[in-house]
Participant: 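First the structure, which I've put down as structure tokens, then a few questions once you've had a look.
Values reported hereafter were calculated over all heavy atoms of this structure, with side chains retained and with hydrogens, waters and symmetry mates removed.
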There are 2 protein chains.
Amino acid sequence: MGLRERKKAGTRAALSWAALRLAAERGLDNVKVEDIAEAAGVSPRTFNNYFSSKGEAIATHHLDRCLRIAEALRERPAEPLWDAITHAVLPQFEPGTAVADQPAPDPAKWTAGVRTVLDEPAVQGELLRAGARAEAEIAAAVADRTGTDPEQDLYPHLVASAVMAAINTAMAHHLRTDPPVPASRLLTDALACIAAGLPAP
Amino acid sequence: MGLRERKKAGTRAALSWAALRLAAERGLDNVKVEDIAEAAGVSPRTFNNYFSSKGEAIATHHLDRCLRIAEALRERPAEPLWDAITHAVLPQFEPGTAVADQPAPDPAKWTAGVRTVLDEPAVQGELLRAGARAEAEIAAAVADRTGTDPEQDLYPHLVASAVMAAINTAMAHHLRTDPPVPASRLLTDALACIAAGLPAP
DNA sequence: ACGCAAATATGCGTGGTGCGCAATTTTATG
DNA sequence: CATAAAATTGCGCACCACGCATATTTGCGT
């Protein structure tokens, strides 16, 4: 990867992290695009060259994570489908994988702030949009693996959609509970339940 | 239902239909809130008393449809869960159930216009948000039926999420195909596939 | 090492939008 | 019919997405 792309990825990351951090501290609409740009050391106009809204900047974290799932799926062509999916999903939600930055002044305040931000309607919408985008990639990966055609068959999209459903449900539950149930347990349960056809309990 | 609520529902319907119709005719961003309000016979300010964006006004149709699914689910407590779900979902997507208004000047132009509108990012986001809202209602219905607790158990949310996944996937495929495959077949296939645990083909 | 072309960042201007506030009209109730 | 509650309306403001023109940085061939 050349200097060009690295700088681009750098400012993108700086912008999205700044957006999340500031929003978690002050609340989403007490943060202006100007503030985020300043925190990332770029011009306000540049922010909109990368993201078209504050919500999108924040949701990028989720998008990247889910795109990594599709990537991981392609690296496990040997296992049975649902085993591969489980093993592709879980590592992306290990604590410490992404938050290993400097935004940890107080872990309690931090998670509370994040929870508040994620309740914001604008952010929720963007998270869903991110999930939809990732779904396409996952569907493509599943299609390759199973020899189905994304244009023709429902199957790959259905699997991808169900996986995202499991993730969203598990994460929603994770945010809802206090003290938080570990995400890994919720995710394995949810995926197993779906792979079992969601039988009535 | 009193006069008050009926008028309220009336203007809400008028606004959302006007929004969809105008957007399908001219394209979403060639329509200003002012135009929609005028077409519905209310003040521009009133539009924002009902919806906070054009996309939300349009997505209301989808939301209402999905809420009716939750309602229908509660009216079928006898059947096995997935039979009830299938029977609750299908009628809401019968052609002619909702479009029986006056917006049918040319069916070809109409569906093409709708397809264009649904490609708009703003609308997609709102559709996803509508799905998420409906999901909560469906989850509640499933929880009642299965004796699970939405606050505590993953199961009802997981089922609701999977149902919405099936609907979204089926509708996306329905819009993608030309000539369109009947939605009913896609929906039954998708729901059956999920109830079977999405086995690799 | 140098220079050219492409990609990227920036500044400015503009139309549109979401929403708070206060006044007015319409509806429900006793 | 009177009074309270709710909905609609008009006004106004702050914010934001985005197009366009310009300056700067990066990649690459020589």
Side-chain angles (χ1 to χ4, degrees), chain A residues 1-20 22-23 25-60 117 119-126 129-130 133, chain B residues 1-20 22-23 25-60 117 119-126 129-130 133:
Chain A
M1 187 190 297
L3 213 183
R4 210 183 192 107
E5 305 175 47
R6 255 186 302 126
K7 275 194 90 167
K8 196 168 180 174
T11 47
R12 164 176 244 95
L15 282 169
S16 59
W17 277 114
L20 177 56
L22 292 177
E25 287 172 2
R26 313 180 204 169
L28 184 62
D29 22 46
N30 297 327
V31 179
K32 289 184 293 189
V33 179
E34 184 187 340
D35 304 329
I36 302 173
E38 185 188 344
V42 296
S43 140
R45 180 65 181 84
T46 299
F47 175 87
N48 283 6
N49 285 353
Y50 285 89
F51 308 105
S52 61
S53 74
K54 288 177 284 183
E56 187 179 330
I58 292 174
T60 289
V117 173
D119 269 338
E120 214 77 31
V123 177
Q124 294 223 2
E126 293 301 328
R129 283 175 45 74
R133 276 196 51 190
Chain B
M1 186 189 299
L3 213 184
R4 211 183 190 103
E5 304 175 49
R6 253 187 301 127
K7 276 193 86 169
K8 196 168 178 174
T11 47
R12 164 176 245 94
L15 282 169
S16 59
W17 277 114
L20 178 57
L22 292 176
E25 287 171 0
R26 313 180 203 167
L28 184 61
D29 20 50
N30 298 327
V31 180
K32 288 185 294 189
V33 178
E34 186 186 338
D35 304 329
I36 302 173
E38 185 187 342
V42 296
S43 141
R45 181 64 182 83
T46 299
F47 174 87
N48 285 43
N49 285 354
Y50 284 89
F51 309 105
S52 60
S53 73
K54 289 177 284 184
E56 188 181 329
I58 292 175
T60 289
V117 173
D119 269 337
E120 213 77 30
V123 178
Q124 295 224 2
E126 292 302 328
R129 283 175 45 72
R133 277 196 51 190

Participant: A:A39: which residues meet the side-chain contact (heavy atoms from CB on, under 4.5 Å) condition with it, sequence neighbours left out?
Facilitator: A:A18, A:R21, A:L22
Participant: How many Å lie between CZ on B:R6 and P on D:dA6, as a whole number?
Facilitator: 19 Å
Participant: Nearest whole Å is fine: how far is D:dA7 P from B:R12 CZ?
Facilitator: 11 Å
Participant: Mind listing the closest non-hydrogen atom pair of B:L15 and B:A37 along with its distance?
Facilitator: CD2-CA, 4.3 Å
Participant: Contact list please: residues 29-43 of chain A against DNA chain C, heavy atoms, distance less than 4.0 Å, in numerical order.
Facilitator: A:V42, A:S43
Participant: Quick one: pull up OG in B:S52 and CZ in B:F47 and give me the separation to the nearest 0.5 Å.
Facilitator: 8.0 Å
Participant: Please identify each residue that fulfils side-chain contact (heavy atoms from CB on, under 4.5 Å) with B:A14, with sequence neighbours left out.
Facilitator: B:A40
Participant: Rounded to the nearest 0.5 Å, how far does OG1 of B:T60 lie from CG of B:L20?
Facilitator: 10.5 Å
Participant: Roughly how many Å is it from CZ in B:F47 to P in D:dG10, rounded to a whole number?
Facilitator: 16 Å
Participant: Should B:N48 be listed as having a side-chain N or O under 4.0 Å from OP1 or OP2 of C:dG18?
Facilitator: yes
Participant: Report yes if a donor N or O on one partner sits less than 3.5 Å from an acceptor N or O on the other, where the partners are the side chain of B:R45 and the base of C:dG20; otherwise report no.
Facilitator: yes
Participant: Protein-nucleotides 5-7 of chain C N/O pairs closer than 3.5 Å?
Facilitator:
| from | atom 1 | to | atom 2 | distance (Å) |
| --- | --- | --- | --- | --- |
| C:dA7 | O4' | A:R4 | NH2 | 2.5 |
| C:dA7 | O3' | A:R4 | NE | 3.3 |
| C:dA7 | N9 | A:R4 | NH2 | 3.4 |
| C:dA7 | N3 | A:R4 | NH2 | 3.4 |

Participant: List in numerical order all residues of residues 49-59 of chain B for which some heavy atom is under 4.0 Å away from an atom belonging to DNA chain C.
Facilitator: B:S52, B:S53, B:K54
Participant: Which residues pass the salt bridge (Lys or Arg N to Asp or Glu O under 4.0 Å) test with A:R12, not counting sequence neighbours?
Facilitator: none
Participant: Between B:K7 and C:dT27, is there a contact of a side-chain N or O with OP1 or OP2 at under 4.0 Å?
Facilitator: yes
Participant: Can you see which heavy atom on A:P44 is nearest to which on A:V33, and at what distance?
Facilitator: O-CG1, 4.2 Å
Participant: Decide side chain to side chain contact (heavy atoms under 4.5 Å, CB included) for A:E25 and A:V31; before the verdict, give the C-alpha distance in whole Å, the side-chain angles of both, and the deciding distance to 0.1 Å.
Facilitator: CA-CA 9 Å; A:E25 287 172 2; A:V31 179; over 6 Å; no
Participant: Sort and list the pairs that fulfil salt bridge (Lys or Arg N to Asp or Glu O under 4.0 Å) and have at least one residue in residues 43-59 of chain A, not counting sequence neighbours.
Facilitator: none
Participant: Heavy-atom contacts under 4.0 Å between residues 119-126 of chain B and DNA chain C, which residues?
Facilitator: none
Participant: First locate atom CD1 of A:I58, then atom CG of A:L28, and finally report the distance between them rounded to the nearest 0.5 Å.
Facilitator: 5.5 Å
Participant: The criterion is side chain to side chain donor-acceptor pair (under 3.5 Å); which residues satisfy it with A:T11, sequence neighbours excluded?
Facilitator: A:Y50
Participant: For residues 30-41 of chain B, which residue pairs pass the salt bridge (Lys or Arg N to Asp or Glu O under 4.0 Å) check, not counting sequence neighbours?
Facilitator: B:R26-B:D35
Participant: Keeping the roles fixed (side chain from B:R129, backbone from A:Q124), state whether a donor-acceptor pair exists under 3.5 Å.
Facilitator: no
Participant: Through what angle, rounded to 10 degrees, does the axis of the helix from C:dA1-D:dT30 to C:dG30-D:dC1 turn between its ends, using five pairs per end?
Facilitator: 40°
Participant: Report the residues that fulfil side chain to side chain donor-acceptor pair (under 3.5 Å) with A:S16, sequence neighbours left out, ordered by chain and then residue number.
Facilitator: A:H61
